[in-house]
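Heavy-atom basis, side chains included; hydrogens, waters and symmetry copies ignored.
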There are 2 protein chains.
Amino acid sequence: MNDTASMHAEILNAMAQPTRLKIIELLRDGERCVCEIFPAVGSEQSNTSRHLNMMLASGVLSRRKDGLKIFYAIKHPEVLEIVDLAARIMTHEITGRHKLLKAV
Amino acid sequence: MNDTASMHAEILNAMAQPTRLKIIELLRDGERCVCEIFPAVGSEQSNTSRHLNMMLASGVLSRRKDGLKIFYAIKHPEVLEIVDLAARIMTHEITGRHKLLKAV
DNA sequence: AGCCTATATGAGTATATAGTCATATATTAC
DNA sequence: GTAATATATGACTATATACTCATATAGGCT
C-alpha cells in the first residue's frame, strides 16, 4: 500500500468478503485456531489460510502460535464495530426495499 | 446478492476502494453532482459514474436528480462511522508498526 | 428543430481475486 | 530418526474488478 487512501481501503477490504465476514463472526467471542476456523466457515484449509493471512497483513486480525496450532483473533475492537454498523445499514436497506415493494 | 453474508460484504465492499473512499470523504459535508465529484477525486467521468452507481446499488449512497445534474449523497450516517473507525485502525497499525521498527 | 451539458453504458483490456489441488514447512509424539 | 498433525504456499483456473475510450441517453437553452 502506498497512499493513505489505499491503506484505508485495504483495511475495509479485509472485511468485505463473505468468507472473511464469517471468520470475523466466528472470532467475535475469542481466538480460534485454523483447524477450528476452516470447518466452521465451510471453506478449504488452504483458502481459509490465505484469507487469514491477508486479514493479518492488513491489521484486522492478530495471531499467536501455540505448538502446532496458530490462533487467530480480532486485533482491534473497531473491527467488530464496523461489521455491526454495516449490518445496521443492511437492515435499513432491507426494510427500505420492503417499503418500496409495498408502495407498488 | 443471495445470503446475508454476501449482502453484508457488498456494503463494506462499496467503501473498500481508494476512489470510493475519496468519494465518501468528498460527500462528508453534503451532496455533490457527478460533474463536481469526478474532477475532485481525479478519476474519469465514466469510471466515477460506475463507482457511484455501484455505491448506490449497495445502499451506501443515495441520489437526487435536479435538471441535468444528479446529486449523490451519503445515505446512512453509519457509512461515515465505518470509514472513521477504519481510519482509527489504520492509525493504530501505523503507530504499532513504528514501534516494531524502533524495537529493532 | 439543433446544440450543449451532464450522466450512463457498451465494449474492450489488464490486473486482481477467490478458489482448488498438490506440496512444502514446521512442530509434536513415538 | 519416522509418523502424524497443523499451517502455509506454489501453480493454476475462472471470474470479478477497475479502468479507458467511444457512444448513447436525457434535460435544458436558443
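- Looking at heavy-atom distances under 4.0 Å, B:T19 makes contact with sugar-phosphate atoms alone, never a base.
- One interatomic measurement links the two molecules: CG of B:D66 to P of C:dT7, which rounds to 11 Å at whole-angstrom precision.
- The residue B:Y72 sits close only to the backbone: its heavy atoms come under 4.0 Å of sugar-phosphate atoms, none of a base.
- No N or O donor and acceptor, one from the side chain of B:S43 and one from the base of D:dC19, sit under 3.5 Å apart.
- With D:dT7, C:dT9, C:dT5 as the candidates, the nucleotide lying closest to the side chain of A:Q45 is D:dT7.
- In this structure, NZ of B:K22 is placed 13 Å from P of D:dA18, rounded to the nearest angstrom.
- Of the candidate nucleotides D:dT7, C:dT7, D:dA18, D:dA18 has the atom nearest to the side chain of B:N47.
- In the set C:dA8, C:dT7, D:dT9, C:dT7 carries the atom at the smallest distance from any side-chain atom of B:C33.
- For A:L68 and A:H51, each mapped to the nucleotide of DNA chain C holding its nearest heavy atom, the one lying further toward the 5' end belongs to A:H51.
- In this structure, B:M55 places its CE atom 15 Å from P of D:dT17, rounding to the nearest Å.
- If you measure from atom CE of A:M54 to atom C1' of D:dT9, you get 16 Å, rounded to the nearest angstrom.
- Across all their heavy atoms, B:Y72 and B:L27 have their closest contact at O-CD2, 3.5 Å.
- One donor-acceptor pair, N or O on each side, does fall under 3.5 Å between the base of C:dT20 and the side chain of A:R50.
- Nearest heavy-atom pair across B:A16 and A:A16 is CB-CB, 4.3 Å.
- The interatomic distance linking B:R64 (CZ) with C:dA6 (C1') rounds to 14 Å, in whole Å.
- At a cut-off of 3.5 angstrom, counting only N and O atoms as typed in the model, there is no donor on one side facing an acceptor on the other between the side-chain of B:R63 and the base of C:dT7.
- In terms of heavy atoms, A:M90 sits closest to B:H8 at SD-N, 3.7 Å.
- The side chain to side chain contact (heavy atoms under 4.5 Å, CB included) with A:I70 is formed by just one residue from the set A:E31, A:R63, A:R32; it is A:R63.
- Proximity note for B:K69 (side chain, C-beta onward) versus D:dT20, C:dA6, D:dA18: the nearest is C:dA6.
- Closest heavy-atom contact between A:L61 and A:I74: CD2-CA, 4.0 Å.
- In terms of heavy-atom proximity, A:L26 sits nearest to A:D29 at O-OD1, 3.9 Å.
- Distance A:K65 NZ to C:dA26 P: 8 Å, rounded to the nearest Å.
- Between C:dA8, D:dC19, D:dC21, one nucleotide has an atom nearer to the side chain of B:E44 than all others, and that is D:dC21.
- The side chain of A:Q17 contributes no N or O atom lying less than 4.0 Å from OP1 or OP2 of C:dA16.
- The separation between A:R20 atom CZ and C:dT17 atom P is 9 Å, rounded to whole Å.
- D:dA18 atom P lies 11 Å from atom CD1 of B:I23, rounded to whole Å.
- For D:dC19, its base never sits under 3.5 Å from the side chain of B:S46 at any donor and acceptor pair.
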